[in-house]
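Numbering of residues begins at 1 and proceeds along the displayed sequence.
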Amino acid sequence: KEKGIYVCANRGVNGMAVAEHAVLLMLASLKRLPYADAGCKEGAEGYKRVFSHYRATGHKELSTRTVGLIGLGAIGKMAANILNAFGCKIFYSDVVRADEETEKKYNLHFTTYEEIYEKCDIISYHVPVLPSTTGIINKEAIAKMKQDVILINVSRGEIVNNEDLAEALNNGRVFAGLDVVAPEPPEDSHPLLNLNEEGNRRMIMTPHMAGTTDDAFERMFSWAYESMIKVVQKGEKPNNIVNGL
């Protein structure tokens, strides 16, 4: 800043990629997709077993589910936009309430963690790692949630208490769709890699891949070049300045 050098960020550049992945995990968890896929690939007996299981237990449509968003940054807003296409009722909680126009645009209902725990069938986390968010998915929070709640984490693994989530999965209390885990990569002894049969049926994990689409990387380069061209060729200010110039 002292030398007049712009520092810029590509804020939100992979927002759509991460939001899309969050909804993917919601759908896959709701339909218990890994369980169905694995059973069908066993052959005729596995196919019949899975079919009978779904006939006995049923499954739901995303359109009838109430979704809670913890954090309403760029990714949270994009996730809300996708969920509106399904017709979900959407609650959100954030340290700063959005303005009335934003709430109306994304069909959002501002509330507390406690109400999200009580009313939401799916809870999706879109928060940074802070002292206030570290370990917020824990035994005490899960106890307040609905039975068979689906927990989606596409933010950071540190917001999860691994032992508490593993216990809830093993006990048939929750479902989880995780794109992140702490530490990364997880060690072989990690609680979430050593679930019982019930726990494994209830968890989907991907390797922190949500934001790494080809499209996101193309936008990263494009947005960076756009700012360079503004400064070098046009004498204008770049986009998304973060150092106060």
Side-chain angles (χ1 to χ4, degrees), residues 1-28 67-86 90 92-108 110 124-134 136 152-160 177-186 204-245:
K1 183 177 181 180
E2 290 175 358
K3 295 181 180 294
I5 299 170
Y6 295 112
V7 178
C8 306
N10 267 340
R11 183 179 182 274
V13 72
N14 63 355
M16 179 53 68
V18 179
E20 181 180 89
H21 200 85
V23 177
L24 164 72
L25 292 173
M26 292 178 198
L27 285 164
V67 180
L69 302 176
I70 305 294
L72 194 71
I75 296 169
K77 290 185 181 74
M78 290 179 185
N81 196 43
I82 297 170
L83 291 167
N84 273 310
F86 287 89
I90 310 170
Y92 81 98
S93 185
D94 200 295
V95 292
V96 178
R97 181 171 183 171
D99 57 62
E100 185 177 349
E101 183 180 350
T102 298
E103 290 186 348
K104 185 175 181 180
K105 177 181 179 181
Y106 294 105
N107 193 27
L108 296 165
F110 181 71
S124 190
Y125 291 80
H126 306 276
V127 293
V129 178
L130 301 168
S132 59
T133 61
T134 299
I136 58 172
I152 304 297
N153 185 14
V154 290
S155 54
R156 290 293 184 269
E158 287 81 2
I159 73 168
V160 175
L178 310 174
D179 183 53
V180 288
V181 65
E184 289 183 348
I204 302 166
M205 184 182 289
T206 53
H208 205 155
M209 60 183 277
T212 61
T213 61
D214 295 351
D215 311 86
F217 281 116
E218 287 173 9
R219 283 193 297 273
M220 289 177 195
F221 289 117
S222 177
W223 290 11
Y225 294 150
E226 181 182 340
S227 282
M228 295 176 198
I229 290 168
K230 277 190 168 185
V231 174
V232 176
Q233 294 185 1
K234 299 181 179 180
E236 299 174 355
K237 282 193 172 186
N239 302 323
N240 300 318
I241 300 167
V242 297
N243 66 327
L245 284 176

Requested in this report: Spell out, as yes or no, whether a donor-acceptor pair under 3.5 Å connects the side chain of Thr133 to the backbone of Pro128.
Outcome: yes
Query - Minimal non-hydrogen separation, Val242 against Ala9, with atom names - result: CG1-CB, 3.8 Å
Query raised in the report: What's the spacing between Thr206 OG1 and Asp179 CG if we round to 0.5 Å?
Result: 3.5 Å
Query raised in the report: Is there side-chain contact between Leu27 and Phe86, with heavy atoms separated by less than 4.5 Å?
Result: yes
Query raised in the report: Between CD1 of Ile82 and CG of Leu24, what distance do you get to the nearest 0.5 Å?
Result: 10.5 Å
Report summary line: When rounded to the nearest 0.5 Å, the distance separating OG of Ser227 from CG of Asn239 is 4.0 Å
Query raised in the report: Got a second to check how far Arg11's CZ is from Asn240's CG, nearest 0.5 Å?
Result: 8.0 Å
Query raised in the report: Which atom pair, heavy atoms only, marks the closest approach of Ala79 to Ala19?
Result: N-CB, 3.5 Å
Query raised in the report: Roughly how far, to the nearest 0.5 Å, is the CD1 atom of Ile159 from the CD1 atom of Ile70?
Result: 9.0 Å
Report summary line: Closest non-hydrogen atoms of His21 and Val154, given as atom of the first, atom of the second and distance, are CD2-CG1, 4.4 Å
Report task. Look up atom CD in Glu2 and atom CG in Asn243, then write down how far apart they are to the nearest 0.5 Å. Result -> 11.0 Å
Report task. Check whether any side-chain N or O of Thr134 sits under 3.5 Å from a backbone N or O of Glu158 as a donor-acceptor pair, and report yes or no. Result -> no
Using atom types as modelled, flag every donor-acceptor pair under 3.5 Å from a side chain in residues 93-100 to any protein atom, sequence neighbours excluded.
{"unit_1": "Ser93", "atom_1": "OG", "unit_2": "Thr111", "atom_2": "O", "d": "3.3"}
{"unit_1": "Asp94", "atom_1": "OD1", "unit_2": "Val96", "atom_2": "N", "d": "3.2"}
{"unit_1": "Asp94", "atom_1": "OD2", "unit_2": "Leu72", "atom_2": "N", "d": "2.6"}
{"unit_1": "Arg97", "atom_1": "NE", "unit_2": "Glu103", "atom_2": "OE2", "d": "2.7"}
{"unit_1": "Arg97", "atom_1": "NH2", "unit_2": "Glu103", "atom_2": "OE1", "d": "3.2"}
{"unit_1": "Asp99", "atom_1": "OD1", "unit_2": "Glu101", "atom_2": "N", "d": "3.1"}
{"unit_1": "Asp99", "atom_1": "OD1", "unit_2": "Thr102", "atom_2": "N", "d": "2.7"}
{"unit_1": "Asp99", "atom_1": "OD1", "unit_2": "Thr102", "atom_2": "OG1", "d": "3.0"}
{"unit_1": "Asp99", "atom_1": "OD2", "unit_2": "Thr102", "atom_2": "OG1", "d": "3.4"}

For a quick test of your reading: what N or O donor-acceptor pairs under 3.5 Å do the side chains of residues 208-221 make, sequence neighbours left out?
{"unit_1": "His208", "atom_1": "ND1", "unit_2": "Glu184", "atom_2": "OE1", "d": "2.8"}
{"unit_1": "His208", "atom_1": "ND1", "unit_2": "Glu184", "atom_2": "OE2", "d": "3.1"}
{"unit_1": "Thr212", "atom_1": "OG1", "unit_2": "Met209", "atom_2": "O", "d": "2.8"}
{"unit_1": "Thr213", "atom_1": "OG1", "unit_2": "Ala216", "atom_2": "N", "d": "3.0"}
{"unit_1": "Arg219", "atom_1": "NE", "unit_2": "Val13", "atom_2": "O", "d": "2.9"}
{"unit_1": "Arg219", "atom_1": "NH2", "unit_2": "Val13", "atom_2": "O", "d": "3.2"}

Report summary line: Closest heavy-atom pair, Gly15 versus Ile75, reported as atoms and distance to 0.1 Å, is CA-CG1, 3.7 Å
Report summary line: Nearest heavy-atom contact between His126 and Ser155 is CA-CB, 4.2 Å
Query raised in the report: Has the side chain of Asn84 got a donor or acceptor atom that lies under 3.5 Å from a matching backbone atom of Ala80?
Result: yes
Report summary line: Nearest heavy-atom contact between Pro186 and Val181 is CD-CG1, 3.8 Å
